[in-house]
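Structure, as structure tokens:
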Amino acid sequence: GRGALTLPLTARASRVTAYEIDRDLAAELREAAIPNLTVVEGDFLERATQSAMLDATTDTSTFGKVQAQGSQTLRVAGNLPYNVASPIMFRLLELFDAGLVLKDATLMVQREVADRLVAAPGGKEYGVLSVLIQHAARVEMVLKLPPGAFRPPPKVNSALIALRFHAPDPPVRNRAVFDAIVQSVFTRRRKTLSNALLAYGGRPDLRPTEALSSAELDGNRRPETLSIGEFARLADAYTPR
């Protein structure tokens, strides 16, 4: 944007890396010549690789010494484009898993997305986003904002959320299997688990009834009733030792 968040952050943080997809707005930020600001022009989802973020946040000149890569604690802040909010959050989880020292992320998202992020098992908001994000981050609803808080006002309500990253809890044998099972069963969220698991094709040699028995889960339950720990047990049942 035009720096409404970026400029106050540069006054508080040792270094700020700003991702801006708009060429003209990126140029305006560069022209401001703020010593501790690095502007990365382009799509965050394409440009924010682990190596690129380390390079962009490593202090090589402004403060007189080079800090070791990975030694700095990185914090993320942004008013996210609502149509790519979920992919951006998943990218942050990928970067954390890859070893980037991400402490937290404070993000503005659409209110419906925020409701899903903090949802507990059993509710209609509880789903893929709830499970996969809560498995690796503590989520807090910080503020709820009406359309009138923005100019021009959007057609949706908004919310500010805080993600505090941590190792997957509980740990699973294979994170990809865990993710795939969660995504698969929620495509049939109104079905029983025995039926919903038919959507997962990762282990054709293992019948859903066998996996559910191994995970000590009732096949008559629905996916939206499972806790994250129960999804972890189910994923481990599908993961060869």
Side-chain angles (χ1 to χ4, degrees), residues 1-49 52-53 56-57 62 72-96 100 102-120 123-130 132-134 136-165:
R2 298 186 180 278
L5 289 177
T6 306
L7 299 181
L9 287 172
T10 60
R12 296 289 299 274
S14 61
R15 290 190 65 78
V16 174
T17 301
Y19 286 82
E20 175 54 64
I21 197 170
D22 185 281
R23 179 182 59 187
D24 294 334
L25 293 177
E28 285 185 20
L29 284 174
R30 289 196 191 96
E31 289 170 2
I34 300 170
N36 62 336
L37 173 64
T38 300
V39 180
V40 179
E41 182 180 326
D43 187 340
F44 178 85
L45 291 171
E46 296 176 359
R47 300 297 302 276
T49 63
M53 290 190 76
T57 55
T62 307
Q72 300 184 86
T73 296
L74 306 183
R75 310 186 73 180
V76 178
N79 186 353
L80 302 185
Y82 288 176
N83 61 324
V84 290
S86 295
I88 287 176
M89 287 186 284
F90 285 128
R91 171 58 56 83
L92 294 176
L93 290 185
E94 291 172 5
L95 291 168
F96 180 82
L100 199 66
L102 286 176
K103 179 180 180 180
D104 55 23
T106 304
L107 308 170
M108 187 77 71
V109 297
Q110 189 172 335
R111 174 68 184 279
E112 287 78 7
V113 172
D115 288 340
R116 292 201 292 271
L117 285 167
V118 301
K124 64 179 182 179
E125 291 88 5
Y126 187 72
V128 173
L129 194 63
S130 318
L132 297 188
I133 297 295
Q134 291 179 31
R138 185 162 63 88
V139 188
E140 177 187 357
M141 182 91 74
V142 180
L143 290 172
K144 300 176 183 178
L145 296 165
F150 302 88
R151 294 292 182 272
K155 296 181 180 180
V156 297
N157 291 313
S158 303
L160 187 70
I161 55 102
L163 304 179
R164 292 176 174 84
F165 303 100

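- Under the rule for a side chain to side chain contact (heavy atoms under 4.5 Å, CB included), Pro8 has no partner lying at least two apart in sequence or in another chain.
- Arg116 is linked by a side-chain hydrogen bond (donor to acceptor under 3.5 Å, both in side chains) to nothing, counting only residues two or more places apart in sequence or in another chain.
- Side chain of Arg151 to main chain of Gly148: a donor-acceptor pair is present (N/O by atom type, distance under 3.5 Å, no hydrogens or angles).
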request  = Check the pair Thr6, Val39 against side-chain contact (heavy atoms from CB on, under 4.5 Å), reporting the backbone distance first and the verdict last.
outcome  = CA-CA 10 Å; Thr6 306; Val39 180; over 6 Å; no
Sequence neighbours excluded and cut-off under 3.5 Å, please list the side-chain donor-acceptor pairs for residues 82-94, or say none.
residue: Tyr82; atom: OH; partner: Ser158; partner atom: OG; Å: 2.6
residue: Arg91; atom: NE; partner: Glu94; partner atom: OE1; Å: 3.2
residue: Arg91; atom: NH1; partner: Leu45; partner atom: O; Å: 2.6
residue: Arg91; atom: NH2; partner: Leu45; partner atom: O; Å: 3.1

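- Ion pairing between a basic and an acidic side chain is recognised when a charged N comes within 4.0 Å of a carboxylate O; Arg111 and Asp115 show such pairing.
- Here the straight-line distance linking atom CD1 of Ile161 with atom CE of Met141 works out to 9.0 Å at 0.5 Å rounding.
- The two residues Ala77 and Leu107 make their nearest non-hydrogen contact at C-CD2, 4.5 Å.
- Just one of Thr38, Leu37, Thr10 meets the side chain to side chain contact (heavy atoms under 4.5 Å, CB included) condition when paired with Arg15; it is Thr38.
- Atoms CD and CD1, on Glu46 and Ile21 in that order, are 7.0 Å from each other to the nearest 0.5 Å.
- Residues Phe165 and Val76 have side chains not in contact (no heavy-atom distance under 4.5 Å, counting atoms from C-beta outward).
- Residues Ala137 and Leu163 come closest through the heavy atom pair CB-CB, 4.3 Å.
- Once rounded to the nearest 0.5 Å, the distance linking CD of Glu20 with CG of Asp43 reads 11.0 Å.
- Side chain of Glu140 to main chain of Val142: no donor-acceptor pair is present (N/O by atom type, distance under 3.5 Å, no hydrogens or angles).
- Nearest heavy-atom pair across Leu95 and Ala48 is CD2-O, 3.7 Å.
- The main-chain N or O of Ala119 is found under 3.5 Å from a side-chain atom of Gln134 such that the two form a donor-acceptor pair.
- Distance alone, capped at 3.5 Å, places no donor-acceptor pair between the Asn157 side chain and the Lys144 backbone.
- Note that the CG atom of Leu7 and the CG atom of Leu29 stand 7.0 Å from one another [nearest 0.5 Å].
- Residues Leu25 and Asp22 share a closest heavy-atom pair of N-OD1, 2.9 Å.
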